[in-house]
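Just follow the structure's listing: the first ligand is 1, and inside any ligand the first atom is 1.
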Amino acid sequence: MTKKILLSGIQSTGTLHIGNYFGAIKQFVELQDNYDTRIFVANFHSVTTIQDKEKLEKLTREIVIDYLACGLDPEKVTLFLQSSIPEVTELAWYFNCLITVPYLMRAHSYKDKVANGKEPSAGLFTYPMLMAADILIQDSEIVPVGQDQKQHIEFTRDVATKFNHTYGETFKLPEAYILDDVSIVPGLDGQKMSKSYGNTIPLFAEDKDIEKLCMQVVTDSLSPADPKDPETSNIFQIHKLFLNNVEKEELAEKYRAGGLGYKEAKEMLAESVKKFIGPIREKRKEIENNPDFVDQVLKQGGQKAQAIASKKLLEIRSKVGIL
Ligand code: TYM
């Protein structure tokens, strides 16, 4: 039986954090055996925020190494850079000509940036159509992401429907794959963990930094003796990501029983984070020391993804009337 097509990507705009891992990458790794999995670095998208050549090149390569260190297996997964498929920018253009300005103005990502006082570039504004092109040019069926990308997948479905209606059946409608438990991983301050909020635990942090960051998790002022509600404890909400169900319940019970102070709870959190990050950080160092391997993975993945996309684009061009 042919496998369903799974596709997802991450922007190369900063260092990955545990929100990216639990919200997205973990699912990529878990699903890679059962889906025709295609994972990329969204480096065209990154240009909306990073306009520094060296920085963009470095961050883009780092995400590839991060993916491999997290367990994406290039034997199973097509791993590539978005820039290996310049065809997506052409498809995004056709979508930009179909979608309206008022529709794009509804995008949360755009509204948030404007609300934060940023002057939006046209690239930022049309960003969701480039994402739609990434997804649709490969006939993707499922797209594992965190909650913050849900609206973008809805936009993708809408523009696919509009295209199909205008030019005839061309695209499948993809489904978002979002796990409830990890759809919004909280940061140190309890808001969504995000590079732009400065509240992250980097995915490959050194032990000393992990200890320091865990001590910064924001809490209320209950004393050690007080019983605590794990559901509202920010420390617990982060800690549970690293635990299996039995461990999670045991820890929740400790919170409820009272006698667990926040200092101790943060130290326990730091231990769990270090135990998880240690091995992948070591693996990452090995991969980083093998640039030829990384080049090879990107070359193979890029060629494969580009061949698929260019074939699809020919079909699209003929439907649109582009000679
Ligand atoms: P990006 O780079 O902002 O984030 C990458 C992935 O990490 C998830 N994520 C989180 N999940 C749970 N809790 C959090 N605190 C958290 N922070 C980040 C995001 O939801 C995302 O899944 N537009 C996309 C990149 C993209 C893309 C695509 C994704 C471009 N083209 C095509 C899928 C398909 C983005 O900016 O993600």
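Of the N and O atoms on the side chains of Thr13 and Thr49, not one donor lies less than 3.5 Å from an acceptor on the other residue.
Arg317 and Glu90 are joined by a salt bridge, as a carboxylate oxygen and a charged side-chain nitrogen come within less than 4.0 angstrom of each other.
Taking the six-membered ring for Trp and the full ring otherwise, the centers of Phe28 and Tyr177 sit at least 6.0 Å from each other.
Results of the salt bridge (charged side-chain N to carboxylate O under 4.0 Å, His left out) test with Glu57 over Arg61, Lys55, Lys53 single out Lys53 as the only residue that passes.
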Could you give the N/O to N/O pairs under 3.5 Å linking ligand 1 and the protein, each with its distance?
unit_1   : atom_1 : unit_2 : atom_2 : d
ligand 1 : 2 (O)  : Gln11  : N      : 2.9
ligand 1 : 7 (O)  : Asn20  : ND2    : 3.1
ligand 1 : 11 (N) : Gly19  : O      : 3.4
ligand 1 : 13 (N) : Val185 : N      : 2.8
ligand 1 : 15 (N) : Val185 : O      : 3.0
ligand 1 : 15 (N) : Met193 : N      : 3.4
ligand 1 : 15 (N) : Met193 : O      : 2.9
ligand 1 : 20 (O) : Gly146 : N      : 2.8
ligand 1 : 20 (O) : Asp148 : OD1    : 2.4
ligand 1 : 22 (O) : Gly146 : N      : 3.2
ligand 1 : 23 (N) : Tyr127 : OH     : 2.7
ligand 1 : 23 (N) : Gln149 : OE1    : 3.0
ligand 1 : 31 (N) : Asp134 : OD2    : 2.7
ligand 1 : 36 (O) : Gln11  : NE2    : 2.9
ligand 1 : 36 (O) : Tyr127 : OH     : 2.7

When you look at Lys312 and Glu87, which way does the salt bridge (Lys or Arg N to Asp or Glu O under 4.0 Å) test go after all the steps? CA-CA 9 Å; Lys312 184 82 185 176; Glu87 285 85 351; over 6 Å; no
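Here the CG-CD1 distance, from Leu68 to Ile287, works out to 5.0 Å after rounding to the nearest 0.5 Å.
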